[in-house]
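I have placed the structure first, in the form of structure tokens, so that the comments after it can refer back to it.
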Amino acid sequence: MFRLFSKKSEEVATELTFDSTGAIPKHVAIIMDGNGRWAQKRFLPRVAGHKEGMNTVKTITKYASNLGIKVLTLYAFSTENWKRPDDEVNFLMKLPVDFFDNFVPELVEKNIRVHVMGYLNQLPDFTQDAIARAIEATKNNTGMILNFALNYGSRAEIVTAVQEIAAQVEKGNLLSNEIDEGLLSNHLMTGFFEEELRDPELLVRTSGEERISNFLLWQIAYSEFYFTNELWPDFNEESLERAIASFQSRNRRFGGLSTEKK
Ligand code: FPP
């Protein structure tokens, strides 16, 4: 007879303490899930959850920057999210406009640079314009990079990278045996970042779901995963500290035997 004990990483982390002088993950990626359920619990329309989720983005962005995180990647809209009702999709497309137009002055003050990755040319013009304005206004900032994944899907990203590389081979500019991990990584959307910042060290998903949902499939090969039952609008500074405390407790071996790579 088997007995199965299920223990989520957050439950283990409650016994851990966050050490602000300890290892802070350079790149943190977050799957911000549970906005709809947060709203439903309050008998509010789903979009009210997204609006509150946007406020959480502001809180977590500021705190991540204060902690010294170098890249914060937030999964805001997937290539699969177009399947949602039109009203919800329209609301989600307007959120970046509201977010950037109101929050850019604070981002500038905090020296935070905005980057956005995804199939941006498929977004409405007003969304693309708001993104372009935020990128332009923050382009000289040298602190944390706030990286939104918008209309992003990891399998599509890998297919696009392979197509670009195949085109180089077709043109005779590249031999197939010259294709290696570094080259593929350069062609992914995270190729924008310097090498040591491309892959998240910590991947967080809120709302109790424990799956990856087509997010950064290549880049998370060695990421530490942290799942929490908290819904995204409820996630706060202490929640991020708990996630990092859990990260600090892990023994990262990268396939080897010791922790020296950390
Ligand atoms: C998942 O919750 C959340 C999303 C698909 C949207 C995420 C967007 C934000 C947090 C708003 C911030 C965005 C910007 C660009 C500032 P869900 O709707 O799947 O929740 P559910 O699983 O409870 O239904």
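All heavy atoms count here, side chains included; hydrogens, waters and symmetry mates do not. Both counts, for ligands and for their atoms, begin at 1 and track the order of listing.
Protein heavy atom closest to atom 12 (C) of ligand 1, with residue, atom name and distance, is Val57 CG2, 3.8 Å. Among all non-hydrogen protein atoms, the one lying nearest atom 3 (C) of ligand 1 is Met32 O, 3.1 Å. Of all protein heavy atoms, the one lying nearest to atom 22 (O) of ligand 1 is Arg37 NH2, 2.9 Å. Nearest non-hydrogen protein atom to atom 14 (C) of ligand 1 is Phe148 CE2, 4.0 Å. Among all protein heavy atoms, the one lying closest to atom 4 (C) of ligand 1 is His50 CE1, 3.9 Å. If you check which protein heavy atom lies closest to atom 9 (C) of ligand 1, you get Asn35 ND2, 3.7 Å. Atom 6 (C) of ligand 1 has as its closest protein heavy atom Ala76 O, 3.4 Å.
Considering backbone and side-chain atoms alike, Asp33 places an N or O below 3.5 Å from some N or O of ligand 1.
Ligand-side atoms of ligand 1 in range of Phe99: 16 (C), range being under 4.0 angstrom from any heavy atom. Applying the 4.0 Å criterion to heavy atoms of Trp232 picks out, from ligand 1, the atoms 10 (C). Shown in contact with Leu95 at under 4.0 Å from a heavy atom are these atoms of ligand 1, numbered in order with element: 11 (C). Against a heavy-atom cut-off of under 4.0 Å, Arg46 is close to the following atoms of ligand 1: 17 (P), 18 (O), 24 (O).
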Verdict with reasoning, Glu52 to Asp234, per side chain to side chain contact (heavy atoms under 4.5 Å, CB included): CA-CA 9 Å; Glu52 196 56 32; Asp234 293 326; over 6 Å; no
Show, in sequence, the C-alpha distance, side-chain angles and deciding distance for Leu216 and Tyr152, and conclude whether the side chain to side chain contact (heavy atoms under 4.5 Å, CB included) test is met. CA-CA 9 Å; Leu216 303 173; Tyr152 171 86; 3.6 Å; yes
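Of all the heavy atoms in Pro233 and Gly49, the pair that sits closest is CG-O, 3.8 Å.
With Val204 as the fixed residue, the side-chain contact (heavy atoms from CB on, under 4.5 Å) test singles out one of Phe225, Phe247, Phe235: Phe235.
By the 4.0 Å N-to-carboxylate-O rule, Arg37 lies close enough to Glu209 to be salt-bridged with it. Salt bridge status for Glu230 with Arg242: present, with a side-chain N to carboxylate O gap under 4.0 Å.
Put simply, the side chain of Leu146 does not reach to within 4.5 Å of the side chain of Thr138, judged on heavy atoms.
Clustering of Ile, Leu, Val, Met, Phe, Trp and Tyr side chains at separations under 4.5 Å places Trp38 together with Leu44, Leu231.
When non-hydrogen atoms are compared, ligand 1 lies under 4.0 Å from the side chain of Arg84 (C-beta onward) but not from its backbone.
Applying the side chain to side chain donor-acceptor pair (under 3.5 Å) test to pairs two or more places apart or on separate chains, those with a residue in residues 87-108 are Arg46-Glu88, His50-Glu88, Lys62-Glu106, Arg84-Glu88, Asp98-Asn102, Asp101-Arg133.
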